[in-house]
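What follows is a set of notes on a single structure, which appears directly below.
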2 protein chains.
Amino acid sequence: MTIKDVARAAGVSTATVSRVLNESGYVSQGARERIAQVMREMNYQPNALARSLKQERTRTVGLILPDMTNAYFMAAARRLQQQLLEQDYHLIYMDSGEDPDKELEAIGLLRQMRVEALILAGTGAHAALLAQLQAAGTPVVLLDRRVEGLAADLVVEDNAAAAEQAALYLLDRYGADIGFIAGPDRVSTARERRSGLTRALQARGVQLAPERIYAGDYTRASGRAAAAHFLGLARRPQAVFSANNEMTFGLYLGMKEHGLALDAMEVVSFGRLDAAALFTARLSVIVQQPERIGEAAAELTLRRVLHKQQRDAAGGESLVFAPRLEWASAND
Amino acid sequence: MTIKDVARAAGVSTATVSRVLNESGYVSQGARERIAQVMREMNYQPNALARSLKQERTRTVGLILPDMTNAYFMAAARRLQQQLLEQDYHLIYMDSGEDPDKELEAIGLLRQMRVEALILAGTGAHAALLAQLQAAGTPVVLLDRRVEGLAADLVVEDNAAAAEQAALYLLDRYGADIGFIAGPDRVSTARERRSGLTRALQARGVQLAPERIYAGDYTRASGRAAAAHFLGLARRPQAVFSANNEMTFGLYLGMKEHGLALDAMEVVSFGRLDAAALFTARLSVIVQQPERIGEAAAELTLRRVLHKQQRDAAGGESLVFAPRLEWASAND
DNA sequence: CTGTTAGCGCCTTCAT
DNA sequence: ATGAAGGCGCTAACAG
C-alpha cells in the first residue's frame, strides 16, 4: 500500500497524490476527489517513516520519565500529550526507572528516532550529553526536576519557597520539636525542599537535631521506615514535614503499625494524599499542579519546534509555578 | 551526521559501516575498530527512520490505553515495556481517554508509524478496523478488555469467575440484602463482572431488587453517587460489591459524608485499595495482577513479531488469569 | 494544474 | 574483505 498504488488507481502521478496528502500546491477538484476516494477505499495510510525521512521532520517529541506508574508524572504527561496532539505532534515515552543507565539508553533511542525535542524529568546524570544534544539543535525541556550544570528550558514548581513556608508554620508552632522526612539528594526537588527547610530554620534561628531528619528516598517504604525511626526516639516529634506524598502514606502506615492514632502528630506533606479524606488526621498538603507543568512544557516545546524559536545561548526559559498550600485543621 | 560521514572519516565505504552497524557480513578487525572509534568520537546515532524504511521493520509496537493515569494500566504498561525492551522492541503509547474517536485516531497514527503489532485496551468500538489490521498482517493483542466481534489474541483476567465467587460469598452471608455498583456496560470487564454476579444470583435462586444495582462508570464520582443512592434507600444494604477500586474509594467517601462508619457495611471490591490500610473497614478485595497481564501481552506479542508465528485463522490465543481473592475480616 | 526526477539515510545484492 | 549501485516511500523543485 504505497503512494504509487494510490497514484495508479487514481490515474495520476505520485506527485499529485503527495500534493493532496500535504495539501500543498495546486490540484484540480476532480483529481483531488478521485484521489481521496481511492485512499478511503484502499484504506491507505501514508508511511510516516518515509515522510519524516524526506522532510527531515518527525513531528515527534521524546519524553523521559523516572516512573510511569507515578501519578504526578502521568498527570503531567497526559496533559502534555493532549497539547502536543493539537499541533499534530506525538509523544514517545520512555521510562528510566530512576536509573541513569536506562536514561542514557532512552536518550540514545530517542535520538535515533530523531525526535524534534526532548522533555526530561531526569535522574540528573547526563548534563554533558544533554548539552551536546542542545548544541546539535534539539531543544531540551526539563520537567519538574533540574539537571545540575545544564542550562535548558525549565518547567518546575517552586519547591524551596513552598517548603520554607510550610516549615515556618511548623517551627512557629512546635519549635525544634518536629521531624523532617527528606527525599533523595540526587533529585533536585528533594534538594530544594530540604533547602527550604534550612532557610526556615535559619530565619527562626532554630537548630534541628540530626535524628530529627530522616533520609528517605521518596518511596512509601522509606516513609514507613521514617515512622519507625521517629517513634523510636526518646521523644517523638510533635509534627512531621514529609517531602512527598508517597512517604507521607508510608508515615501513616508506620504510625498505624505502632498503634499510634493518625492524628497524634500534625503532618505537612508535599503532594496530595487522597486517602486522607477517609481517616482522621491533621494533615496539610502542598498541592502540586502536574497538569499545569505538563501544559507549560508543551507550550514551551512547541514554541521551540514549531516556531524554531532559539534558546538564548546563556540559558533557557524558566517557568516556575508556585504550589498552593492547603492548610487543614483536623479534617474529620 | 550520516553513515556517509562516518564512512569518509574512517576511510571506508558506507557498506562497511553498515556492516558493523548490523554486525553482518565480513569486516576486518582493523576496519571494525576504526569505524567504532569514529562513531564514538562523532557520537553518531543511526537514523532509525531510514533503517526502518529500508528494512521494513520498525521494531516498534503500539499500545493504546484508555487512561494513562490509571495505576492498573500503567503497571501493566511498565512491565510490558521492560519485556519488549529486552528484545530491542519499543513501545509507542497512545491514550484514548475512553473515547472511540481518539482511539480511531490513535490506531491510524500507529499504522502510519508502521508499528509491527498493536496492543489494545480498547473502548470496544473498532472491531472491523482491527480485523482488517490483522488481515493485513499486523498482530493485534487485546489487553484486559475484549472487543466484541474480534477474534484476536487476548490477555485478560477472569472477571466473571472472580465476581461470581465474591457474589456467592456475599449472598450466602446477606441474601438479597446487598448492593452492587456496576461498571460501564460498554467495557467488557464491567459486563463480565456483572454477569458473574448474575450467575451467583441464579445459583442461589436469589433476586436482586433493581434499586440494589447502581450503574456506575468506574469513576470515583460514580462510587460516591452510589453511596448516596444506597444510603438513601428505605433500607440500606448490609454489604456492597463494587466492580472496581475507584468506585470503592468513592463509596467510602460517600459513606463518610453521610456520617456512616466505614466498617458499617461489608465491602467486596475488584482491585486493590491501598488506602484501606489506614482506616478500619470490612473490605475484601479481588486482587488483580497487571504486571502479569503486561508480561503475558509482551510474551505473546514478541512471539508474533519475532517468530512470525501466525495466529490461527479461527481466533487468537487467549490467556486468562485468575485474580486472587483476599478476604479480610475487620482489618484494623 | 500535472508529471518527471532526484534524493532523504540506510541496507543489500552483486562484483571484485 | 570491501565497494558500487539500486531502491525502501515519499516530497520538492523544475518543466511543461
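In the text below, chain A, chain B and the rest are named by the order of the sequence lines, each starting its count at 1. Please read these numbers as outputs of a predicted model, since none were measured by experiment.
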- Query: Say you draw a straight line from CE of B/Met68 to OG of B/Ser96; how long is it, rounded to the nearest 0.5 Å?
  - Reply: 11.0 Å
- Let me know the distance between OH of B/Tyr26 and P of C/dT12, rounded to the nearest Å. 16 Å
- Query: With respect to the phosphate group of C/dC10, does any side-chain polar atom (N or O) of B/Ser52 fall under 4.0 Å of OP1 or OP2?
  - Reply: no
- Residues in salt bridge (charged side-chain N to carboxylate O under 4.0 Å, His left out) contact with A/Arg191, at least two apart in sequence or another chain: A/Glu148
- Note on the structure: Interatomic distance, CG@A/Leu65 vs CG@A/Leu143, rounded to 0.5 Å, equals 7.0 Å
- Where are the stems of DNA chain D, defined as at least 3 consecutive Watson-Crick or wobble G-U pairs with both distances under 3.5 Å? C:1-16 with D:1-16
- Query: CG of A/Leu109 to NZ of A/Lys102: how many Å apart, nearest 0.5 Å?
  - Reply: 12.5 Å
- Message: Nearest 0.5 Å, please: how far is CG in B/Leu91 from CD1 in A/Ile92?
- Response: 10.0 Å
- Taking CD from A/Glu33 and P from C/dC1, how many angstroms apart are they, rounded to a whole number? 13 Å
- Whole-Å distance between C/dC11 P and B/Glu23 CD? 12 Å
- Where B/Ile64 and B/Ile107 come nearest, the two heavy atoms and their spacing: CD1-CG1, 3.6 Å
- Indicate for each nucleotide in nucleotides 6-13 of chain D, in 5' to 3' sequence, whether protein heavy atoms under 4.0 Å reach the base (B), only the sugar-phosphate (S), or nothing (-). BBBBBBBB
- Query: Which value, rounded to the nearest 0.5 Å, describes the distance between A/Asp95 atom CG and A/Phe73 atom CZ?
  - Reply: 10.5 Å
- Query: Out of A/Val61, A/Val155, A/Ile119, A/Leu85, which residue meets the side chain to side chain contact (heavy atoms under 4.5 Å, CB included) rule with A/Leu80?
  - Reply: A/Ile119
